[in-house]
Amino acid sequence: MTPDQVVPAADLAAALEPFRRRALIDSALRWGLLSLAAWCLAMTVLLVWSKLSPTAHMVAWAGVLGALAVSSAVVGWALDRPGILEVARVADAQLDLGERLASAVSFARSPGEMGSRLRADAVYHAQAHRAGEAFPFRRHRREATASVVAAVMVLGLVLAPNPQAGALRRQAARSEALAQAKEAVVTAERELAKASSPEAAKAVAALRQALSRLGAARTPLSALVTLSELDSRLGSLDNSNFEAEQEADAAASAALAGSPGASELSRALAGGDLKAAATALRALAADLPKISQRQRKALAAGLEQAATEAGGRADGAVKGARLNRAANADAPFADVLGRAGTDLAAGRTAAAGNALGNAAAGAEASASAASAQQELQAVQAAVRNAQAEVARQAQAELAGTGRGGTASGAQIAANGHGIGAGAKSRGGPGGSSGSGTAAGSGRAPRSGTGTGSGGGTASSGATSRATRPRLREGSGSGQAGPGPSGPGGNSYAKGRNARSAQVFVAGQPGRAEQVVGQKLGNGEGVATTGYRAVLPAFEKTALQGLGSQVLGPEDQGLVRAYFSSLGDGT
Amino acid sequence: MSPEGFVEVAGRIEAELAKLIVGQTGLLRDTLVALLAGGHVLLEGVPGLGKTSIVRGLARALDVTFSRVQFTPDLMPADITGTTVIQEDERGRRFDFQPGPVFANLVLADEINRATPKVQSALLEAMQERTVTAGGTTRPLPNPFYVLATQNPIELEGTYPLPEAQLDRFLFKLAVPFPTDAELAEIARRTTGSSEPELVAVASAADIVEMMAVARSVPLADHVLDYAVRLVSATQPDRSPVPDLAGYVRFGASPRAVQALALASKVRALLAGRFNVAFEDVRQNARPVLRHRILLNFEAEADGVTSDRLVDRLLETVEADPVAAR
């Protein structure tokens, strides 16, 4: 027995303090190991799942699970922290102290000799041992083993190849493409919001509507449809014809180049700077009284020549465009210039000056309108770029999953390629010669929308069968490049169970109806239609289709040029 | 008396007993524990193992009054408790109570199961209340008062098994084991020589009473008491965690078992040099406290299951400290 001595409760608490601290560490270690094991098990399940199904953001998931495990461990430890009596009981058991410590804690404030002797005995035995002996880390061998086993499983699964890696990459690319498309539309909307023209306001409304739909889009296809429609709407707002206008300006500039006092005006028109042209016109009007008679005649001749040149170039589409707007409805720009030349030649300097002033005012208004149109075209170009990006993504997905759609330009005489749709459609026999690049799309009358892509080469009499996608039907676009000669083949798409009723690219009208389920033959006996009769319809269809096609601006230019060349040929 | 004095006196008693009794250290310790806890002891063993010698030696080692009663079938209750007799002297005739042998500090009830239940029951009041009621008068027994009874487990003919109520009043039931060969040889040497060992009294009745008070002051922590309670509770057939127990036990231990475990464990703690009761103290007392309080049924006897075996199963099954085991 230990010697008789008076031991206060405080001494007992001090003697047990190292045990208490060690017990807290011990408890933290236990909860840490348990949470690690739980995290590893959860990660094991997650990793197995990720190898069965594409699961993105694995690092984030691991972080979330880790945070859950850590917080659970902290909460568990906080709630499970051992009290001093529990610490003493564990120490008694571990050190074989015959319940001395726990009994002393239980009777820490017990008066009398026996209580004091008990505390002294407990303090003596507590000081004879280290806290680490009572709470050795090896106590948690089981938890540690479970954690190590679970960690090895996690490591093995992490190092094992993931069969879903390709799908994950595609998902990431898809998300990025969609995000880029949204960003492009947002940027365009922000840029156009500054403009004040009616076309800009309409364009902004279209962009906002498209943005809303893009927000709900989950696939490149749906984004593609939205962008195509947006492109179409933006295209309908664009009334300009800059190339023709520039030609007209250049012609007028050339005519005025040698005219006295009109060099500034000539340079401004040559550079397409209509504001400078307006300034030059006003300066010229102001200088008219100052110049000599001979110079007036020369200037009058130059103005009349410019009017003639500009009027000639401004035929057709140009007449309804900038130069017409430059003056007024009754007095086109060329006419105003001509009238100024005529007045000047007749010696009516004041009238000529007024006419030049009118021309200057018109040029300023035209400059403003041109600026708005340029902005609109810039936005349209951005939208088309985004459209092309999304289309590439859609194509890549289809190619990657082996669900390629059809090359709907099945009857194009030469190589046909591009992205198109028309799920479950099939090509038909080719029927003509020539070459070109084409893509087509079709919309079957059944429900649903799909897309596909593929390529095919068809020659006369050949049959091209495209891969059938799993979607029921689809829509898409095609583009036919300029061919060296003759019309290309038909490009069409149809549903498996229903006929396609729409022809997109130039060819032989009516063929689409014949190729369904039957051979075309050599063309003999087939009713034909005059080329001129069908061309405007095909051109209109193609141009309309451009708005919803997956084609870059350059390719769309090719389509326009192609039909232009057809028109020139006639 | 200090705890150290307690240990010293107890050591002297054990040393004196060891002069007479060869080996049987566990039995001697258990007997001393029961004595210092203030409880009665039932010694069970085949004839010749020294049951009576232990009690007689204890009586000689202690400076206390001792009486021995040989229980026989014709023994009457009054032969134990005493009786009222007519006394005649110069003041005339009167009834006087003549105390029986129970009026002693240490009573040896030899072969207690040979007496009839009527006689056995005569000890009930004495053992529990430590009083004797005769002729309408209740008389206290001397303090300390112990009944150390012996019984032979193999002779069934002409014996009367102790009633459960009587058994429950014994703090311990001790099984006297057969000595080892070496012990047998030593017994022969000691008892066949020219002189027999002489025992001297090393503790008085007052010492014993004081020691009993010291033992009762030993702290018993709640979690240790809880273990004793769970052990006793586990002897009940309807709440035992031991699957076998329910099929073999007719009645479990009474609440007196918890009291016996607590008291005996306190004594054992002091004897072990501790100032507190440990689980080990409870475990060491479990057999002597519970073996006669667990009443087995016919199936147990048929299967040869003993109460000791069931107690061992209890000790294996009931966890001492679930908190420390985490």
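Below, chains carry the letters A, B, ... as their sequence lines are ordered, and counting in each starts from 1. Since the structure is predicted, the reported quantities are computational estimates derived from the model, not experimental observations.
Counting all heavy atoms, side chain and backbone alike, A:Met114 lies closest to B:Leu270 at CE-CD2, 4.4 Å. Of all the heavy atoms in B:His223 and A:Ser103, the pair that sits closest is CE1-N, 4.4 Å. Across all their heavy atoms, A:Asp121 and B:Phe275 have their closest contact at CB-CD1, 3.8 Å.
B:Asp222 CG: 12 or fewer foreign heavy atoms inside a 6.0 Å radius. Within 6.0 Å of CZ on B:Arg230 lie more than 12 heavy atoms contributed by other residues, nucleotides or ligands. Annotation for A:Arg169: atom CZ does not count as buried by contact number, only 12 or fewer foreign heavy atoms lying within 6.0 Å.
Only the side chain of A:Ser106 comes within contact range of chain B, with heavy atoms under 4.5 Å apart. B:Val277 touches chain A through its backbone: at least one of N, CA, C or O sits under 4.5 Å from a heavy atom, while the side chain does not.
A distance of 4.0 Å separates CZ of A:Arg117 from CD of B:Glu4, quoted to the nearest 0.5 Å.
Ranked by heavy-atom pairs under 4.5 Å with chain B, the list A:Ala91, A:Gly98, A:Ala88, A:Ala93 is led by A:Gly98.
Side-chain atoms of B:Asp321 do not come within 3.5 Å of backbone N or O of A:Val90 as any donor-acceptor pair. With B:Asn276 contributing its side chain and A:Glu99 its backbone, the two residues share a donor-acceptor pair below 3.5 Å.
With contacts defined as side-chain heavy-atom distances shorter than 4.5 Å, the pair A:Glu113/B:Ser217 does not qualify.
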